[in-house]
Amino acid sequence: MHAPQQSTAGSQRRPNIVALSGGVGGAKLAAGLDAITRADGGKLTVAVNTGDDFEHLGLKICPDLDSVLYALARLNDPARGWGRANETWHFMRALQEIGGEDWFSLGDRDLAMHVERTHQLRKGIALSRFTADVAARLGIHATILPATDDVVRTLVHTEEGALPFQDYFVKRRCEPTVRHIDFPGAAEARPHPALLQTLADPALDAIVICPSNPYLSIDPILALPGLRAALRHASAPVIAVSPIVGGDALKGPAAKIMRELGAEITPAAIASHYQGVIDALVIDERDSPQAARLDLPVLATRTLMHCLQDKEFLAREVLVFAREIARRPATLEAVQ
Ligand code: FO1
């Protein structure tokens, strides 16, 4: 964060927030941020990971974008975490009957999204344009952006060789031991121009890194050229919400991957992973004894999100914390 020339933080003006998000866990906080920005007449831009995207059965699948779209449209399945609520599976059963690939489950309602997206992209429509059109149709208030319109892929290098993300995550159930992860295409990709423009907005209140998997879901966004610099130069504080709570991941393989990569399963390891990117960290209240170990501003609060109220609670906590961080005296770097 660059210290704002003239701080307006702390005033009760309409919140203006950017969130970086992966799928399930990130989408929950994005839904909370959406609810509070909508209630307060503010603005939310959610930049979503596209490293999980892949082509399957000839269809363009964008799991994280869809998780965010469904969560903000309140169409998501809260138990499964991905896909739509009230889903049926006739397509999958029919596919199995004729010997089709059935390791990746596409629900009947969800299928409409993949078919239409593939159709539009083949006509030359950009992924961001398609996403914006769908968001508008679903009555979503926030701006949902793929972090890039270019192709970036998460490649998981394991003891058994390199696996494309969904092969690692779904087909192999995250079992192979991870050695390292990289993002082919990221170095040549361009962050979405609207994302860079929003990050440069002097009226921004907060940039929130949602409690998504830092290695699998946020790193592909941070790997885009110019993204880290844009975060460093933003006038708003960058605040991450730790996906590690009580020595385990909120959901998914984050803890297992951290162990395999030699990191501790603690909020301190999350802070260290995001070093140079974040100004502050939100941790769960049960990890509050660890706050003293951290050499950056920390808020310990309730981060578990079971219902919309929990999501809105955490979103408000993060926003109030961001305004407090922005009010603090300028850092040495900002004074120089
Ligand atoms: N995750 C699974 O564990 N098994 C599946 O069969 C599966 C299908 C699926 C279909 C559409 C979609 O949008 C997501 C789907 N996911 C499935 C979730 C997805 O693999 C992951 O949640 C994300 O890529 C990680 O954020």
Side-chain angles (χ1 to χ4, degrees), residues 19-31 46-73 75-93 95-96 100-118 121 127 130-131 134-135 138 144 146-147 151-156 163-176 178 181 183 209-222 241 243 249-257 305:
L20 307 187
S21 179
V24 183
K28 285 186 182 184
L29 182 55
V46 190
V48 183
N49 170 42
T50 55
D52 298 10
D53 297 7
F54 74 132
E55 189 149 314
H56 182 60
L57 304 175
L59 300 172
K60 167 90 169 171
I61 316 282
C62 304
D64 287 357
L65 272 171
D66 290 350
S67 292
V68 173
L69 282 167
Y70 292 151
L72 271 57
L75 293 172
N76 61 307
D77 183 296
R80 218 172 32 247
W82 50 267
R84 290 185 60 152
N86 305 314
E87 191 55 283
T88 54
W89 304 93
H90 301 290
F91 167 75
M92 285 309 293
R93 272 196 290 277
L95 185 68
Q96 279 158 1
E101 268 189 62
D102 63 354
W103 60 274
F104 194 80
S105 302
L106 297 174
D108 300 329
R109 287 181 167 78
D110 187 33
L111 195 53
M113 183 73 89
H114 312 306
V115 169
E116 181 60 9
R117 178 168 42 221
T118 306
L121 265 54
L127 180 59
F130 172 76
T131 306
V134 170
L138 296 179
I144 302 177
V151 174
V152 173
R153 290 291 171 263
T154 297
L155 191 62
V156 186
L163 294 172
F165 179 81
Q166 298 297 347
D167 285 48
Y168 165 77
F169 195 86
V170 177
K171 202 189 258 180
R172 297 301 320 279
R173 298 166 193 272
C174 308
E175 281 165 11
V178 175
I181 300 162
F183 310 105
I209 301 186
C210 291
S212 298
N213 187 315
Y215 300 84
L216 295 176
S217 304
I218 302 298
D219 281 358
I221 304 177
L222 298 179
V241 179
L250 282 174
K251 196 164 170 40
K256 178 178 180 284
I257 291 175
M305 294 175 279

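One-based numbering along the sequence shown. Every number for a ligand or one of its atoms is a count from 1 in the order of the listing. The figures that follow rest on heavy atoms only: side chains count, while hydrogens, waters and symmetry mates do not.
With a 4.0 Å heavy-atom cut-off, ligand 1 is reached by the side chain of Trp82 but not by its N, CA, C or O.
Not one N or O on the side chain of Asp110 forms a donor-acceptor pair closer than 3.5 Å with the backbone of Arg84. With hydrogens and angles ignored, the 3.5 Å screen pairs a side-chain donor or acceptor of Thr118 with a backbone N or O of Lys60.
Using a 30° and 60° split on the angle between ring planes, His56 and Phe104 fall in the perpendicular class, above 60°.
Closest to atom 3 (O) of ligand 1 among all protein heavy atoms lies Val170 CG2, 3.8 Å. Pro63 CA, 3.4 Å is the protein heavy atom nearest to atom 13 (O) of ligand 1. With respect to atom 9 (C) of ligand 1, the closest heavy atom belonging to the protein is Phe104 CZ, 3.2 Å.
Of all atoms in ligand 1, numbered sequentially from 1 with element shown, those under 4.0 Å from a heavy atom of Asp52 are 23 (C), 24 (O), 25 (C), 26 (O). Of all atoms in ligand 1, listed by their number and element, those nearer than 4.0 Å to a heavy atom of Phe165 are 24 (O). Below 4.0 Å from some heavy atom of Phe169 lie the following atoms of ligand 1, by number and element: 20 (O), 21 (C).
Using a 4.5 Å cut-off on side-chain heavy atoms (C-beta onward), Val24 and Arg80 make no contact. Asp53 has its side chain within reach of Pro63: a pair of non-hydrogen atoms, C-beta onward, lies under 4.5 Å apart. Within the 4.5 Å cutoff, the side chain of Asp167 has heavy atoms near those of the Trp103 side chain.
Checked against a 3.5 angstrom limit, the closest N/O atoms of Ser105 and ligand 1 fall inside it. At a 3.5 angstrom cut-off on N or O pairs, Gln166 counts as close to ligand 1. An N or O contact shorter than 3.5 Å is missing between Asp110 and ligand 1 by distance.
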Q: Evaluate side-chain contact (heavy atoms from CB on, under 4.5 Å) for Leu216 paired with Val156, printing each intermediate quantity in order.
A: CA-CA 9 Å; Leu216 295 176; Val156 186; 4.3 Å; yes

Q) Are Glu87 and Trp89 close enough, and set up right, to give a side chain to side chain donor-acceptor pair (under 3.5 Å), and what steps lead you there? A) CA-CA 7 Å; Glu87 191 55 283; Trp89 304 93; 6.0 Å; no

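Across Asp64, Asp53, Leu65, heavy-atom proximity to atom 26 (O) of ligand 1 is greatest for Asp64.
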